[in-house]
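Report on the following structure.
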2 protein chains.
Amino acid sequence: MSLSRISRKLDLSITTVSRALGGHSDVSSATRARVEAEALRIDYRPHEGARRLRRGRADAVGLILPTGIGRFDDPFFLRLLSAVGPALAEAGLDLLVSSAPPGDAELAAYRHMVEGRKVDAFLLARMRVRDARVDYLQNAAVPFVAHGRSSSKRPYAFVDTDGTQVVAQATSRLIGFGHRSIAFLAASGDLSFSIARESGWRQALTEAGLIATAIFQAEPTEAGGFDAMHALLCSVAPGDLQVSAVVCATDRMAVGVLHALAETGLRAGRDISVIGFDDHAFSTHTAPPLTTIAQPIEAAGRRMVAMLTQILAGADPETLFEIMSAQLIARASDGPAAEQSRIETTKGQTL
Amino acid sequence: MSLSRISRKLDLSITTVSRALGGHSDVSSATRARVEAEALRIDYRPHEGARRLRRGRADAVGLILPTGIGRFDDPFFLRLLSAVGPALAEAGLDLLVSSAPPGDAELAAYRHMVEGRKVDAFLLARMRVRDARVDYLQNAAVPFVAHGRSSSKRPYAFVDTDGTQVVAQATSRLIGFGHRSIAFLAASGDLSFSIARESGWRQALTEAGLIATAIFQAEPTEAGGFDAMHALLCSVAPGDLQVSAVVCATDRMAVGVLHALAETGLRAGRDISVIGFDDHAFSTHTAPPLTTIAQPIEAAGRRMVAMLTQILAGADPETLFEIMSAQLIARASDGPAAEQSRIETTKGQTL
DNA sequence: TTGAAAGCGTTACCAA
DNA sequence: TTGGTAACGCTTTCAA
């Protein structure tokens, strides 16, 4: 009842009003001005539903939060969301959010949005190496942009952080500090970002002629990091473990590691070095402040939206990608190996 | 083209198919069975836009994240989102998310959703004492359920945590520990939850015959907590400040406080007691592990959705509310005042 | 128990 | 440059 209201008021056809507002060229500028003035006056907004019905698209994009252990309250998603929100709004796109644990329920959530034509496209995050979402969406020919890569046969649009490169750099820093036995604490769950970071660690070690065997795995949460480090410290038979530094797949894990260390009386940054990844807000305030890697989540979010609009405008998703570099933030949780004893020694001293 | 597809296939009218699927009684069970079978076969889903247009409602609810300093990556929202997501899905409601900094842009975001008939209702969080969102929505007659209260003249539906009661309890615990000078670190920005918690602190102090003057304010973030505590420690002229415990409005602030303390060589839990609020995942792993208060965010989210569906079904929002109790989680950042010196003394010792 | 028809607000095609 | 008309897919009278 809205276009028609303007049309009646101005004694124009609905068609003309629609075209005037739609910015079509075949409207006299006088008419356009009148229409625009009236639209402004009554604060006209097109009815979304009607528009969708007619145009056959939703002008909305979906984002499904992976819930489940360790994922449901990760600051990563909030940062992504708040960057993506305004960018989408500017592009005239709505954001439909849902949440589901990875697996069947997750796929069902995607299907729900697709089949109800609720969205035109998706934003994916937390890619898994084998990612069923990619297969489904590619199959269903639903456009999407991902944050992170996975091993799909067909390429897709993505933005990613160069985790490999920067973790290699961080690991080299540790090597430069004199560390010779550097562990990597990986995230469980087939998460791509962890794999990439791990290979940076491996790469730096290999290049330095060191062996990359000290790899552990845990949930990408504080609890996961704590448990893993705790187990490591407990399991050590004197003279066995020689790890003097730990590179963690995420800041949250690093927080747990720091805790486990402190509990055993070990001082991160002196007795053992710890490096995280993400540079979340709390990482400045851990004890000691965490040396970590800042990745441009907000910029990535905006870039993802830009890609999405291109794809929606007809661009080929297979050619769209960007790999962003991350930056090491040196704080106090790592340091020279010189001052450090091997774990078992220190343990013997402090326990 | 979908109802019609079924209707053609089964040689029925679109009307009948619609009614069969809509669960109306005036369809023969035989017909209904045929329709349902076919719908299942082709995996029919009604077109949202069409439905909206016809029904005049969106079957969607909006949630606008308050961005801006200290808010954009608060775990609170993620926990709320992930609870609310499945609950809404079950109720057949979509969730539209956007983000905006409090102020004009925020109101514009609400207006945008309302006027585009994108949503039928809103979920509000982080209520402010004087909250323009409430005024706007009440005026526009758009239903909503809030997490938290504000000082509006007309009542509205809300779920809230009883911050007052539980903070009073926490403060009493501190008093029981022998603390006599207990500070409250409030969140800036007119945030209701902070006011409520503050009054719990004040109440406990007053009841114990102590004065409630040591109140400080900061952004509800790690950095805010750090800066406030840091300033407090620095500003202290020997013999001036006698604070031996700090109750923080949020866990994030408490993390910053812990950091500032550690930096000065003070040990939380011994030299000074710190209590947080929220029991976020990282609070188990701070140094020392944070004594805090767990509020039922997920349960609150689900309850909010339940209220929303009631309101959408015609219930009166003014009668709908629930105040949930929170629970003190004792960890290691607080303790007996006996072992503690006053700040200036300790400072003198350690600096 | 079923069907025909109208209409929700919009856009697009075609004709004037 | 403008307007009439149809159509998007659905629900809801009203009639049969």
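Letters A, B, ... mirror the listed sequences (proteins, then strands); counts begin at 1. Excluded from the calculations below are hydrogen atoms, water molecules and symmetry mates; all remaining heavy atoms, backbone and side chain alike, are included.
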B/D26 CG to C/dG3 P, in whole Å, measures 12 Å

For a quick check of understanding: with a heavy-atom distance under 4.0 Å over all strands, which category does A/T15 fall into, base, sugar-phosphate or nothing? base

Beyond-backbone contact of B/P75 with A/P75, side-chain heavy atoms, under 4.5 angstrom: no

Atom pair distance, as rounded to whole Å: CZ in A/R55 and P in C/dT10: 11 Å

Give B/R19 one of three labels, base, sugar-phosphate or nothing, depending on what nucleic acid heavy atoms sit under 4.0 Å from its own. base

Should A/S151 and A/R130 count as side-chain neighbours, where that means a heavy-atom distance under 4.5 Å? yes

Whole-Å gap separating P (C/dG9) and CG (A/L53): 12 Å

Under 4.0 Å from OP1 or OP2 of C/dT2: is there any side-chain N or O of B/T31 that close? yes

Report the residue (B/T16 or A/R51) whose heavy-atom-nearest nucleotide on DNA chain C is the more 5′ of the two. B/T16

Rounded to whole Å, the CZ-C1' distance (B/R57 to D/dC10) equals 12 Å

Using a 4.5 Å cut-off on heavy atoms from C-beta on, say whether the side chain of A/R19 contacts that of A/V35. no

Of the options C/dT2, D/dC10, D/dT1, whose atoms approach the side-chain atoms of B/P46 most closely? D/dC10

Heavy atoms under 4.0 Å, any strand shown: does B/I14 hit a base, just sugar-phosphate, or nothing? base

Nearest whole Å is fine: how far is D/dA7 P from B/L3 CG? 18 Å

Taking the ring of B/Y136 and the ring of B/Y110, is the distance between their centroids below 6.0 Å? no

In whole Å, what is the span from the CG atom of B/L10 to the P atom of C/dT2? 12 Å

Can a donor-acceptor pair under 3.5 Å be found between the side-chain atoms of A/R54 and the base atoms of C/dT10? no

Among D/dT1, C/dT11, C/dG9, which nucleotide has an atom closest to any side-chain atom of A/A50? C/dG9

Need to verify one output field. Residue with the more 5' nearest nucleotide on DNA chain D, B/G49 or B/H24? B/G49

Rounded to whole angstrom units, what separation is found between the CZ atom of A/R5 and the C1' atom of C/dC8? 17 Å

Kindly assign one of parallel, tilted or perpendicular to the pair A/F144 and A/Y156, based on the angle between their ring planes and the thresholds 30° and 60°. tilted

Measure from CZ on A/R52 to P on D/dC8 and round the result to the nearest Å. 19 Å

Check every strand shown and say whether A/S18 touches a base, only sugar-phosphate, or nothing at a heavy-atom separation below 4.0 Å. base

